[in-house]
Amino acid sequence: MSNLTHLTIAQALKSMDKGEFTATELTQAHIEAMAARRSLNAYITETPELALGQAKAADDRRRAGTAGGLEGIPLGIKDLFCTKGVLTTAASHILDGFTPQYESTVSANLLKAGAVTLGKLNLDEFAMGSSNMTSHYGAVENPWKRTSDPAARLVPGGSSGGSAAAVSARIAMGATGTDTGGSIRQPAAFCGITGIKPTYGRCSRWGIVAFASSLDQAGPMARTVEDCALMLNAMAGHDPKDSTSAPMPVPDFAKALTGDIRGLKVGIPLEYRPDGLNAEVLKVWEQGIEWLRAAGATPVEISLPHTKYALPTYYIVAPAEASSNLARYDGVRFGLRVPGTSLDDMYKKTRAAGFGKEVRRRIMIGTYVLSAGYYDAYYAKAQKVRRMIAEDFRKAFETVDVILTPTAPSAAFGMGENMDDPVTMWLNDVFTIPTSLAGLPGLSLPAGLSSDGLPLGLQLIGRPFDEETVFKVAGVMESAAQFTAAPEGI
Amino acid sequence: MSLDKAAVRAIAELARIEVADDELDHLAGELTGILTFVEQLAEVDTNGVEPMSSVAAMTLPMRKDAVTDGGYAAAVLANAPDAKEGFFTVPKVVE
């Protein structure tokens with residue numbers, strides 16, 4: 001039954017509607033595959049019994065004619081979403097044993113649509129990282145291998161590294177991710193799958209462990225553009241419990257996949273072509289431009305002049321917000337507590353033991369840039385540059401409908417690489433961070449393989465709340481790319 | 001900005017994270033490297049630019065000032081490392 005794990009979500013829904021197999025059979029196949037590929041370390045917590053119970057209920061609803069949009073589809077949930085009664089760790093030691101008493105809005109929406117949840121997926125600690133190397137629960141392995149060196153273990157990207165690895169390895173049909181500076185798009189590119197960070201406000205943040213609240217956004221990761229659209233249909237929507245969630249109707253994103261992009265203008269930002277850009281990345285990008293031209297769209301050179309300031313802006317804004325959000329981990333209400341001689345001493349010992357090095361580093365930077373005497377020079381300055389970056393995009397979208405860029409500056413790298421200093425690792429997100437600062441939708445899809453056999457992704461950026469155009473263009477690119485490669489042995 | 005050991009100790013104190021003395025030098029170097037990287041923003045002319053705190057083009061919605069939820073003391077305390085008599089406990093704070 002292992003071939004069931006190779007279906008897309010759309011195919012599986014059709015087959016189950018026709019009675020070709022049941023959600024229970026589909027779920028069982030995924031549970032077996034999940035167990036067989038445990039060496040990837042994609043899941044922190046597997047919930048096979050919960051999944052089989054949900055699958056049985058899904059089969060009952062389908063028989064009763066009340067099937068939802070994702071009825072019986074086995075998904076993985078990034079372990080940053082609170083799940084009622086299921087351990088939620090954020091891949092941090094400080095959340096030891098934390099069992100939420102409530103369900104995040106996005107995961108609740110998926111359950112309402114009939115989804116089956118296979119378990120909780122590994123990530124960088126508190127979603128801070130681009131390699132999944134900072135997880136307290138250990139690194140995740142990318143199922144893809146270099147043809148020149150198949151023994152080398154590669155990172156899946158991050159922070160949604162477990163999500164990307166699981167979808168790529170066919171141990172989930174789709175997965176939730178979250179994206180603060182590229183955490184859906186970069187791992188999607190590294191693992192040869194599709195993922196979209198919707199417009200800020202499209203999905204509720206309620207019940208998602210907070211990292212940087214003005215940037216965090218949930219989104220789907222799956223093997224096709226259509227599957228991402230089907231998942232986002234279920235995930236998105238206004239939620240009174242998140243004051244920044246947009247009170248806007250959710251269109252049927254799958255209906256946007258018309259295949260017709262004639263007359264659309266596609267922006268090609270010259271700042272995303274720095275000297276020394278990886279030649280293979282550049283080649284895939286140029287190929288993408290040609291596909292769009294062939295489909296009747298018009299490439300237009302644009303300028304986003306403040307692009308080079310996005311990374312330093314992000315590394316002030318995001319740590320500042322993180323230092324505030326992570327103040328709640330104090331050993332009093334949940335998770336780890338290390339005893340101390342006083343209340344302050346308990347806080348300090350708990351936080352020293354509970355946070356990993358990258359998280360500690362970001363909390364300290366955030367604390368510093370918000371501290372008296374430095375606030376204006378760092379934080380207020382970054383907020384101003386952030387507006388200029390957002391303005392760059394606003395102006396560009398006066399003349400173009402969508403923007404095409406590479407997703408990441410390289411293919412997946414090896415475990416232990418880029419670890420020498422924090423800024424080197426952060427450069428992975430150089431193409432995704434500007435979109436995050438501007439709150440725009442950004443989608444990554446696999447567009448080709450490097451000469452070493454690794455997937456390379458392209459990113460499509462859209463206007464606020466215009467995911468439909470992004471999906472439409474992505475659908476055309478997907479058809480042109482014919483990316484059918486899968487990791488060896490999967 | 002170059003941070004010395006005393007500055008790192010002060011930041012750690014503000015962040016309520018205990019840092020061992022033998023880590024201070026390393027952290028000072030790392031944090032200084034990050035600050036040097038972000039300080040390139042100084043070259044951007046931001047005169048007259050309003051700081052942007054959120055991309056959401058909306059004012060925060062108000063709801064009716066009414067109790068709409070609650071009464072879950074046991075659920076609230078369920079994850080506490082140490083709870084007694086319906087309360088969170090902490091080390092003694094008043095001498």
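Note that these values count all heavy atoms, side chains included, but never hydrogens, waters or copies made by symmetry. These figures come from a predicted structure and were not determined experimentally.
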Query raised in the report: Under 3.5 Å, side chain of Arg337(A) to main-chain N/O of Ala80(B), donor-acceptor pair present?
Result: no
Query raised in the report: Who among Tyr314(A), Tyr347(A), Tyr309(A) has the most heavy-atom pairs with chain B under 4.5 Å?
Result: Tyr309(A)
Query raised in the report: At a heavy-atom separation under 4.5 Å, does Leu440(A) approach chain B through its side chain, its backbone, both, or neither?
Result: neither
Report summary line: Between Ala380(A) and Pro51(B), the two heavy atoms sitting closest are O-CB, 4.5 Å
Report task. Heavy atoms only: give me the nearest Arg386(A)-Ser53(B) pair and the separation to one decimal. Result -> NH1-O, 4.1 Å
Query - Distance (rounded to the nearest 0.5 Å) between Ile17(B) CD1 and Lys349(A) NZ - result: 14.0 Å
Report task. Test side chain to side chain contact (heavy atoms under 4.5 Å, CB included) on Asn79(B) and Gln101(A) and set out the steps. Result -> CA-CA 9 Å; Asn79(B) 280 290; Gln101(A) 306 294 302; 3.8 Å; yes
**Report entry** Ile363(A) CD1 to Ile11(B) CD1 distance, which is reported to the nearest 0.5 Å
**Finding:** 12.5 Å
Report task. Using atom types as modelled and distance alone, determine if a side-chain donor or acceptor of Arg16(B) lies under 3.5 Å from a backbone N or O of Lys348(A). Result -> no
Query - Derivation of the side chain to side chain contact (heavy atoms under 4.5 Å, CB included) call for Val8(B) and Met364(A) - result: CA-CA 8 Å; Val8(B) 175; Met364(A) 291 181 77; 3.8 Å; yes
Query raised in the report: Atom CD1 in Ile34(B), atom CD1 in Ile316(A): separation rounded to 0.5 Å?
Result: 11.0 Å
Requested in this report: Can you tell which part of Asp345(A) gets under 4.5 Å to a heavy atom of chain B, answering side chain, backbone, both or neither?
Outcome: side chain
Report task. For chain B, find which of Glu391(A), Glu321(A), His306(A), Met388(A) contributes the most heavy-atom pairs closer than 4.5 angstrom. Result -> Met388(A)
**Report entry** Lys/Arg-Asp/Glu bridge criterion (N-O < 4.0 Å) met for Arg361(A), Glu30(B)
**Finding:** yes
Query raised in the report: By a 4.5 Å heavy-atom criterion (distance strictly below it), what part of Tyr379(A) contacts chain B: side chain, backbone, both, or neither?
Result: neither
Query raised in the report: Can you name the nearest heavy-atom pair linking Lys308(A) to Glu43(B), along with the distance?
Result: NZ-OE2, 3.3 Å
Query - Distance, nearest 0.5 Å, that separates CG of Leu41(B) from NZ of Lys381(A) - result: 7.0 Å
Report task. Calculate, to the nearest 0.5 Å, the distance between atoms CD1 and CG belonging to Ile365(A) and Leu35(B) respectively. Result -> 4.0 Å
**Report entry** Heavy-atom side-chain contact between Arg387(A) and Glu50(B) under 4.5 Å
**Finding:** yes
Report summary line: CZ (Arg333(A)) and CZ (Phe88(B)) are apart, to the nearest 0.5 Å, by 6.5 Å
Requested in this report: Decide yes or no on side chain to side chain contact (heavy atoms under 4.5 Å, CB included) for Ser342(A) and Val93(B), but give the supporting numbers first.
Outcome: CA-CA 7 Å; Ser342(A) 65; Val93(B) 285; over 6 Å; no
Query raised in the report: With a 4.5 Å limit on heavy-atom distance, are the side chains of Leu27(B) and Arg360(A) in contact?
Result: yes
Report task. Can you tell which part of Thr350(A) gets under 4.5 Å to a heavy atom of chain B, answering side chain, backbone, both or neither? Result -> neither
**Report entry** Test item: Leu14(B) and Tyr368(A) side chains (from C-beta on) under 4.5 Å apart, heavy atoms
**Finding:** no
Query raised in the report: Heavy-atom distance under 4.5 Å to chain B: side chain of Val332(A), backbone, both or neither?
Result: both
Report task. Measure across Met52(B) and Ala390(A) and return the closest heavy-atom pair with its distance rounded to 0.1 Å. Result -> CE-CB, 3.7 Å
Requested in this report: Using non-hydrogen atoms and a 4.5 Å limit, figure out which bit of Ala83(B) sits close to chain A: side chain, backbone, both or neither.
Outcome: neither
Requested in this report: Would you mind checking which part of Asn47(B) comes under 4.5 Å of any heavy atom in chain A, side chain (CB onward), backbone (N, CA, C, O), both or neither?
Outcome: neither
Report summary line: Honestly, the part of Ala377(A) sitting under 4.5 Å from a heavy atom of chain B is neither
Query raised in the report: Any side-chain heavy atom of Thr341(A) within less than 4.5 Å of one from Pro91(B)?
Result: no
**Report entry** Heavy-atom contact with chain B under 4.5 Å, split by part of Tyr378(A)
**Finding:** side chain
Query raised in the report: What are the two closest heavy atoms between Phe334(A) and Pro81(B), and how far apart are they?
Result: N-CD, 3.9 Å
